There are 2 protein chains.
Amino acid sequence: MTTHETSRAEWRATPQRAAVLRALHVRDGFASAQTLHAALVADGVPVGLSTVYRTLRFLEAAGHVDVVRDREGERLYRFRSADGHRHYLLCRECGLSLAVDAGDVERWAVRIARDTGFHAVDHTVELTGVCARCRPGRPGRPGRRPEEA
Amino acid sequence: MTTHETSRAEWRATPQRAAVLRALHVRDGFASAQTLHAALVADGVPVGLSTVYRTLRFLEAAGHVDVVRDREGERLYRFRSADGHRHYLLCRECGLSLAVDAGDVERWAVRIARDTGFHAVDHTVELTGVCARCRPGRPGRPGRRPEEA
DNA sequence: GTAGATGCAAAAGGTTTGCAACCAC
DNA sequence: GTGGTTGCAAACCTTTTGCATCTAC
């Protein structure tokens, strides 16, 4: 996966792209383009929002990140682990994300595809919840989202 | 629970709302607000886009429709069937939607929740593909027409 | 030197909202 | 009459794109 990929346009190393990659690594949960951009700017890295979007799109096309959508439809990005673990359990409070084994779901999807005669069946599986640490006490004490930076 | 629901503002019957409901019924696959609005206008029903959106939001809040997002992030609405069948296999070409049995996935989600200690785990499961009728080229397999569930 | 990258601002989509006019009850 | 409803337009948000400038190779 670290192959040079000369198939598409050359990837030119720039400080901005390095910064986006770093920002993605640091918070290894999901993050939106806007959040990453804000974090970079806050860190004193002068990078344009367009560049963040372009870099993320490139990473997405290259298969280096997984993308999910939050409730509002915003895209969230996360580095893809080694092979194909692409399903996550995401904490709605703090953004913590756990890769989960979705073998059962993969097999289920294949079975559905076969049973229905559909082709090129793709699946989206996202789990969200509240992690043990964010376990809501009572309504009066909201946990405030610690992911906010 | 899903009875009269007088809990929120009264639902006042209007021609526009009736039209949106009708439009949703007619195409009982998923449809976007924009698509519904266009269809209504084309049918000579003068209804504003805002009203379509507002009606759909109301239906969503009342739990009468299921909502998924297509690849571009557009919201697609569909009447929710009686019980709780909320997972669909959607044809990317024609929009045909099949309700699929997701019992396995439901159980898988519950198991994941238990194993991870997460609370209030919610799941999103969407299957998309190309139905037999829309299958491009590839002659030889007279795909059976899946029945709308 | 040059192909490619950056950043600004403006555009593009989809969705929501402010507000005056409207209509069902 | 009153209060919910409508519709237009403008506001909002996220994401994309045009273009002149800049830079990594």
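Here the structure is a predicted model, which is why all the values come from computation and not from measurement. Lettering follows sequence order; numbering is per chain, from 1.
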Find the distance [X]:[atom1] to [N]:[atom2] and express it as a whole number of Å.
X     : N      : atom1 : atom2 : answer
A:L59 : C:dA5  : CG    : P     : 13 Å
A:H37 : C:dT6  : NE2   : P     : 12 Å
A:E74 : D:dC12 : CD    : P     : 17 Å
B:E72 : C:dG14 : CD    : C1'   : 11 Å
A:R69 : C:dG13 : CZ    : P     : 16 Å
A:R71 : D:dT14 : CZ    : P     : 17 Å
A:L56 : D:dT14 : CG    : P     : 14 Å

Going 5' to 3' along nucleotides 16-25 of chain C, which nucleotides have protein heavy atoms under 4.0 Å from the base (write B), which only from the sugar-phosphate (write S), and which from neither (write -)? BBB-----B-

Could you work out how much the helix from C:dG1-D:dC25 to C:dC25-D:dG1 bends, comparing the axis of its first five pairs with that of its last five, to 10°? 30°

With a 4.0 Å cut-off on N to O distance, would you call B:R80 and B:D66 a salt bridge? yes

Checking the side chain of A:R75 only, and the main-chain atoms of A:V68 only, is there a donor and an acceptor separated by less than 3.5 Å? no

List in chain and number order the residues that pass side-chain hydrogen bond (donor to acceptor under 3.5 Å, both in side chains) with [X], two or more places apart in sequence or in another chain; answer none if no residue qualifies.
X     : result
B:R22 : none
A:T51 : none
A:R69 : none

Ignoring backbone atoms, establish whether A:R17 has a side-chain N or O less than 4.0 Å from OP1 or OP2 of D:dA24.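 A:R17 to D:dA24 OP1/OP2: no side-chain N or O under 4.0 Å.
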
Can you check whether B:Q16 has a side-chain N or O nearer than 4.0 Å to OP1 or OP2 of D:dG7?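 Indeed, a polar side-chain atom of B:Q16 lies that close.
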
Got a sec, which hydrophobics cluster with A:L49, joining ILVMFWY side chains under 4.5 Å apart, including via others? A:Y53

Listed once per pair and sorted, the ring pair (Phe, Tyr, Trp, His ring centres under 6.0 Å) pairs that draw on residues 27-46 of chain B, sequence neighbours left out: B:F30-B:Y88

Which salt bridge (Lys or Arg N to Asp or Glu O under 4.0 Å) pairs, counting each pair once, include a residue from residues 52-62 of chain A, with sequence neighbours left out?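 Every candidate salt bridge (Lys or Arg N to Asp or Glu O under 4.0 Å) pair involving residues 52-62 of chain A fails, so no pair, neighbours aside, qualifies.
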
Distance-only donor-acceptor hits, side chain of residues 121-132 of chain B, under 3.5 Å, sequence neighbours excluded:
{"unit_1": "B:D122", "atom_1": "OD2", "unit_2": "A:R71", "atom_2": "NH2", "d": "2.8"}
{"unit_1": "B:H123", "atom_1": "NE2", "unit_2": "B:H87", "atom_2": "NE2", "d": "3.1"}
{"unit_1": "B:H123", "atom_1": "NE2", "unit_2": "B:E106", "atom_2": "OE1", "d": "3.1"}
{"unit_1": "B:T128", "atom_1": "OG1", "unit_2": "B:R92", "atom_2": "NH1", "d": "2.7"}

Side chain of B:Q34 (C-beta onward), nearest among C:dA5, D:dG7, C:dT15: C:dT15

